[in-house]
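Shown next, in structure tokens, is the structure this report addresses.
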Amino acid sequence: MRITRKTAGGKTCFLVSELDPSYHTAAKDLGFVEEEEGFVRVFEANAPHLDQIFARFVSFAEEMILQDAGARPVPWDKALLSFLERISGEGVEWWLAGSTALAVRGIDLVPRDIDIITDSEGAQRLGRVMSEWLVEPVQESHGWIARWFGRAFVHARVEWVGDVEKWVDERGPSDFGPAARAMLQTVRWGGYTIRVPPLEMQLAVCERRGLKDRVQKIQQALGTNSVNTLRLQEG
């Protein structure tokens, strides 16, 4: 694996080349676009602290890809604890979504990353608070599921989105959209209080995605085998 950086036309590319074909899917899962030279992530060339961020990317890009591919264990609990310790007292409004929101409830699965949901102000503040862990600059997005995206690496990937678009709930409530925000619950984990979506909502999400193993585990946690447990209103 070879990692380089190229800048042209106001854009900077982080390029991963000479990547083993068995890890191409993992690279695409991480949002890399396959081009002739390799797999790239593109950022504004004037993004703050880009040299520092690229240096950390060089250090952890391989580990990120291997973890995503399942070739390395993902110490998600260490990553989450580091995140909680770092943001404690910072006043950022956020909640946990995805598989980690299930894992902190004691459901038996191993998340590949930590998924944080926040607003625009929170997304930018997280970038400042976790600046030494960034492997990509925090970026504003257009035409995507959210207005902001950030990615850090501390033991494992910590990723966040800010200002999720309302349309993500159009085909049924997501566990990271406005519907989830209105129904958040709290759990205790690692000595911290964490806000998470209702299990019933995450069950509905996993059913729509066809994640059968995860559906079964959530059903067991809810104490039922019914696929339509505590049906959520859609739309």
Margin query: Ignoring hydrogens, what is the shortest heavy-atom contact between Asp175 and Gly98? Give both atom names and the distance.
Written below: OD2-N, 3.1 Å
Notebook entry, point to check: So if you build clusters from Ile, Leu, Val, Met, Phe, Trp, Tyr with side-chain heavy-atom gaps below 4.5 Å, do Trp95 and Trp148 land together?
Noted result: no
Checklist line | Pairing of Asp68 and Arg157 as salt bridge, 4.0 angstrom limit | finding: yes
Next item on the list: Using the side chain to side chain contact (heavy atoms under 4.5 Å, CB included) rule, take Val164 and Ile117 through it: C-alpha gap first, then chi angles, then the decisive distance, then the call.
Entry: CA-CA 8 Å; Val164 175; Ile117 316 301; 3.9 Å; yes
Next item on the list: Go through the steps for Glu93 and Arg195 under the test salt bridge (charged side-chain N to carboxylate O under 4.0 Å, His left out), then give the verdict.
Entry: CA-CA 10 Å; Glu93 291 290 325; Arg195 295 196 299 170; 3.3 Å; yes
Check: salt bridge (Lys or Arg N to Asp or Glu O under 4.0 Å) with Asp51: which residues, sequence neighbours excluded?
Finding: Arg5
Check: How far apart are the closest heavy atoms of Ser82 and Trp133, and which atoms are they?
Finding: O-CH2, 3.6 Å
Checklist line | Glu121 atom CD: more than 12 heavy-atom contacts under 6.0 Å | finding: no
Notebook entry, point to check: Got a second to check how far Leu203's CG is from Gln216's CD, nearest 0.5 Å?
Noted result: 11.5 Å
Next item on the list: Please confirm whether the backbone N or O of Phe153 pairs with a side-chain atom of Arg56, one donor and one acceptor, at under 3.5 Å?
Entry: yes
Next item on the list: Enter the distance from Ser99:OG to Gln202:CD here, rounded to the nearest 0.5 Å.
Entry: 8.5 Å
Next item on the list: Please indicate whether His49 has more than 12 foreign heavy atoms, meaning atoms of other residues, nucleotides or ligands, lying under 6.0 Å from its NE2.
Entry: no
Margin query: Would you compute the distance between atom CG of Leu66 and atom OH of Tyr23 and round it to the nearest 0.5 angstrom?
Written below: 5.0 Å
Check: Backbone N or O of Leu15 within a donor-acceptor pair of the Lys6 side chain at under 3.5 Å?
Finding: no
Notebook entry, point to check: Checking Trp160 side chain against Ala123 main chain: does a donor-acceptor pair fall under 3.5 Å?
Noted result: yes
Check: Do Glu207 and Lys212 touch side chain to side chain, with heavy atoms closer than 4.5 Å?
Finding: no
Notebook entry, point to check: Which heavy atom of Ile218 sits nearest a heavy atom of Cys206, and at what distance?
Noted result: CD1-SG, 3.9 Å
Checklist line | Student check: side-chain heavy atoms of Lys11 and Phe43 closer than 4.5 Å | finding: no
Check: Looking only at atom types and distance, does a side-chain atom of Arg41 sit under 3.5 Å from a main-chain N or O of Gly31, one as donor and one as acceptor?
Finding: yes
Notebook entry, point to check: Which heavy atom in Ala26 sits nearest to a heavy atom in Ile65, and how many Å separate them?
Noted result: CB-O, 3.7 Å
Note to self: Test side chain to side chain contact (heavy atoms under 4.5 Å, CB included) on Ile3 and Phe54; report intermediate values, then the result.
What the structure shows: CA-CA 10 Å; Ile3 300 171; Phe54 179 68; 4.1 Å; yes
Checklist line | Thr100 side-chain N/O to Leu96 backbone N/O, donor-acceptor pair under 3.5 Å | finding: no
Item checked: CA sep, side-chain torsions, deciding dist, call: Arg112, Gln67, side chain to side chain contact (heavy atoms under 4.5 Å, CB included) -> CA-CA 7 Å; Arg112 291 187 303 176; Gln67 285 188 9; over 6 Å; no
Next item on the list: Measure up the Phe14 and Phe57 rings against each other and bin them: parallel (under 30°), tilted (30 to 60°), perpendicular (over 60°).
Entry: tilted
Notebook entry, point to check: Going through the distances and angles, do Phe83 and Trp94 end up as a ring-ring contact (aromatic ring centres under 6.0 Å, His included)?
Noted result: CA-CA 12 Å; Phe83 170 79; Trp94 65 278; 5.1 Å; yes
Notebook entry, point to check: Honestly curious: do Val104 and Val92 fall in one hydrophobic cluster under the side-chain, below-4.5 Å linking rule?
Noted result: yes
Next item on the list: Would you give the length of the straight line joining atom NE2 of His24 to atom OG of Ser22, rounded to the nearest 0.5 angstrom?
Entry: 8.0 Å
Next item on the list: Decide ring-ring contact (aromatic ring centres under 6.0 Å, His included) for Trp76 and Trp189; before the verdict, give the C-alpha distance in whole Å, the side-chain angles of both, and the deciding distance to 0.1 Å.
Entry: CA-CA 13 Å; Trp76 67 270; Trp189 183 89; 5.8 Å; yes
Notebook entry, point to check: How far apart are the closest heavy atoms of Ala146 and Ser141, and which atoms are they?
Noted result: O-CB, 3.5 Å
Check: So, do Arg105 and Leu199 sit near enough that their side-chain heavy atoms are less than 4.5 Å apart?
Finding: yes
Margin query: Less than 4.5 Å apart, side chain to side chain, heavy atoms only: is that true for Asp115 and Val158?
Written below: no
Next item on the list: Would you mind reporting whether Arg151 and Leu134 have side-chain heavy atoms less than 4.5 Å apart?
Entry: no
Next item on the list: Look at Glu165 together with Arg147 and state whether they make a salt bridge at an N to O cut-off of under 4.0 Å.
Entry: no
Notebook entry, point to check: Are Thr12 and Thr7 close enough that a side-chain donor and a side-chain acceptor fall under 3.5 Å?
Noted result: yes
Check: How about Phe149 and Trp144: are their ring centroids closer than 6.0 Å?
Finding: yes
Item checked: Test item: Arg188 side-chain N/O and Gly191 main-chain N/O as donor-acceptor pair under 3.5 Å -> yes
Note to self: For residues Val187 and Leu84: do they belong to one hydrophobic cluster (side chain heavy atoms under 4.5 Å, members Ile, Leu, Val, Met, Phe, Trp, Tyr)?
What the structure shows: yes
Next item on the list: Please check if atom CZ in Arg86 has more than 12 non-hydrogen atoms from other residues, nucleotides or ligands closer than 6.0 Å.
Entry: yes
Next item on the list: Say whether, by atom type as modelled, one donor and one acceptor occur between the side chain of Gln124 and the main chain of Ser120 under 3.5 angstrom.
Entry: yes
Next item on the list: Look at atom CD of Glu37 and say whether more than 12 heavy atoms of other residues, nucleotides or ligands are closer to it than 6.0 Å.
Entry: no
Check: Is there a chain of hydrophobic side chains (I, L, V, M, F, W, Y, each step under 4.5 Å between heavy atoms) that links Tyr192 to Val129?
Finding: yes
Next item on the list: For the pair Leu126 and Thr118, evaluate side chain to side chain contact (heavy atoms under 4.5 Å, CB included) and give the outcome as yes or no after the intermediate values.
Entry: CA-CA 9 Å; Leu126 287 176; Thr118 184; 4.2 Å; yes
Item checked: Shortest non-hydrogen separation from Pro178 to Val168 and the atoms involved -> CD-CG2, 4.1 Å
Margin query: Count I, L, V, M, F, W, Y as connected when their side-chain heavy atoms are under 4.5 Å apart, and connections chain through other members. Are Phe39 and Met1 then in the same cluster?
Written below: yes
